[in-house]
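Only heavy atoms go into these numbers, but all of them, side chains included; no hydrogens, no water, no symmetry mates.
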Amino acid sequence: MAAIGRIELVVPATAIDLNGHVNNVQYVQWMQDAAMTHSAELGWPQERFAASGRTWIIRSHAIEYQHSAYLGETIAILTWVADFRKFRSLRKYKFIRPSDEVVLASAETLFIFCDLPTGKPVTIPPEVRDAYPVIDPADEP
């Protein structure tokens, strides 16, 4: 189980916008994909949350774009948990082009832990909190 999750993908034609590079909306989808993959690797796939009657909802996203990505390029998406509070968690992301190690974008998502039937925030239980290593800023990729 990796404290820092990693997925790689090849940019498909469907991700390219009218400017000829990856559309900004696509990065949000890839953030979700990376977060869900990492969570499953840590023992908490979406099905397990659903069975417990709990879920994560998104409060906010922030993305800083540094370089463009293009059709056919391989992109690595790194993700990790940066903070836990009573009922919220901050997850960070870094988009890298492995061929030259250029950082394409940095991002973060603020998640709120909620009761699935009511949608109201609930305290993150120890078994969830313990499954996700928190990465200190000094140790971030």
Side-chain angles (χ1 to χ4, degrees), residues 1-19 21-141:
M1 293 187 277
I4 298 173
R6 180 185 178 106
I7 62 172
E8 286 196 9
L9 57 90
V10 176
V11 175
T14 56
I16 303 301
D17 65 15
L18 296 175
N19 296 317
H21 56 71
V22 173
N23 187 291
N24 63 321
V25 174
Q26 186 62 59
Y27 284 86
V28 175
Q29 179 64 58
W30 290 339
M31 289 163 64
Q32 176 177 301
D33 295 345
M36 292 181 77
T37 298
H38 187 227
S39 186
E41 289 170 353
L42 295 173
W44 282 92
Q46 186 58 39
E47 298 79 15
R48 186 172 179 191
F49 284 113
S52 73
R54 302 290 191 250
T55 192
W56 293 101
I57 62 167
I58 295 168
R59 174 81 183 257
S60 63
H61 290 297
I63 305 172
E64 182 177 342
Y65 303 100
Q66 291 139 334
H67 294 279
S68 296
Y70 300 95
L71 177 65
E73 289 185 330
T74 297
I75 295 177
I77 304 157
L78 308 178
T79 184
W80 62 95
V81 174
D83 186 40
F84 271 120
R85 301 292 169 112
K86 182 177 180 177
F87 56 82
R88 64 187 195 175
S89 179
L90 181 67
R91 178 179 279 278
K92 292 186 178 182
Y93 309 83
K94 191 169 277 190
F95 294 81
I96 299 170
R97 188 172 46 227
S99 64
D100 58 7
E101 295 298 316
V102 166
V103 175
L104 304 170
S106 299
E108 59 184 43
T109 301
L110 180 59
F111 286 94
I112 307 296
F113 197 68
C114 291
D115 179 70
L116 193 55
T118 67
K120 293 184 179 183
V122 294
T123 300
I124 301 168
E127 63 270 19
V128 172
R129 193 180 282 263
D130 293 346
Y132 294 84
V134 174
I135 303 300
D136 185 86
D139 297 324
E140 291 180 357

Student: Can you see which heavy atom on E8 is nearest to which on T74, and at what distance?
Tutor: OE1-CG2, 3.6 Å

Student: Identify which one of W44, Y132, F87, W56 satisfies the ring-ring contact (aromatic ring centres under 6.0 Å, His included) criterion when paired with F113.
Tutor: W56

Student: Would you say H21's side chain and L71's backbone share a donor-acceptor pair under 3.5 angstrom?
Tutor: no

Student: When the aromatic ring centroids of Y27 and Y65 are compared, is their separation below 6.0 Å?
Tutor: yes

Student: Are W80 and D139 close enough that some pair of their side-chain heavy atoms sits under 4.5 Å apart?
Tutor: no

Student: Could you check L9, D33, I96 and say which one makes a side chain to side chain contact (heavy atoms under 4.5 Å, CB included) with I77?
Tutor: L9

Student: Short question: side chain of K94, backbone of P141 - any donor-acceptor pair under 3.5 Å?
Tutor: yes

Student: Could you go through V28 and I63, starting from their C-alpha distance and side-chain angles, then the distance that decides it, and tell me whether this counts as side-chain contact (heavy atoms from CB on, under 4.5 Å)?
Tutor: CA-CA 9 Å; V28 175; I63 305 172; 3.7 Å; yes

Student: Assess the residue pair F84 and V134 against the criterion (side-chain contact (heavy atoms from CB on, under 4.5 Å)); give the C-alpha distance rounded to whole Å, side-chain angles, the decisive distance to 0.1 Å, and a yes or no.
Tutor: CA-CA 8 Å; F84 271 120; V134 174; 3.6 Å; yes

Student: Decide yes or no for S106 and Q66: does some side-chain heavy atom of the first lie under 4.5 Å from some side-chain heavy atom of the second?
Tutor: yes

Student: Please check this pair: side chain of D17 against backbone of N19, looking for a donor-acceptor N/O pair closer than 3.5 Å.
Tutor: yes

Student: Hey, does I135 have a side-chain heavy atom less than 4.5 Å from the side chain of V81?
Tutor: no

Student: Sub-3.5 Å donor-acceptor pair from the side chain of S52 to the main-chain atoms of F49, do we have one?
Tutor: yes

Student: Please check: side-chain N/O of R54 versus main-chain N/O of I124, any donor-acceptor pairing under 3.5 Å?
Tutor: no

Student: Any donor-acceptor pair under 3.5 Å linking the side-chain atoms of T79 with those of R91?
Tutor: yes

Student: Is there side-chain contact between I75 and W30, with at least one heavy-atom pair below 4.5 Å?
Tutor: yes

Student: If you draw a 6.0 Å radius around CZ in R59, do more than 12 non-hydrogen atoms from other residues or ligands fall strictly inside?
Tutor: no

Student: Using modelled atom types and a 3.5 Å cut-off, is there a donor and acceptor pairing between side-chain atoms of E73 and backbone atoms of Y70?
Tutor: yes

Student: Is the shortest heavy-atom distance from the side chain of L78 to the side chain of Y93 under 4.5 Å?
Tutor: no

Student: Quick one: are T109 and L90 in side-chain contact, heavy atoms under 4.5 Å?
Tutor: no

Student: Can you find a heavy atom in the side chain of T55 that is under 4.5 Å from one in the side chain of Q46?
Tutor: yes

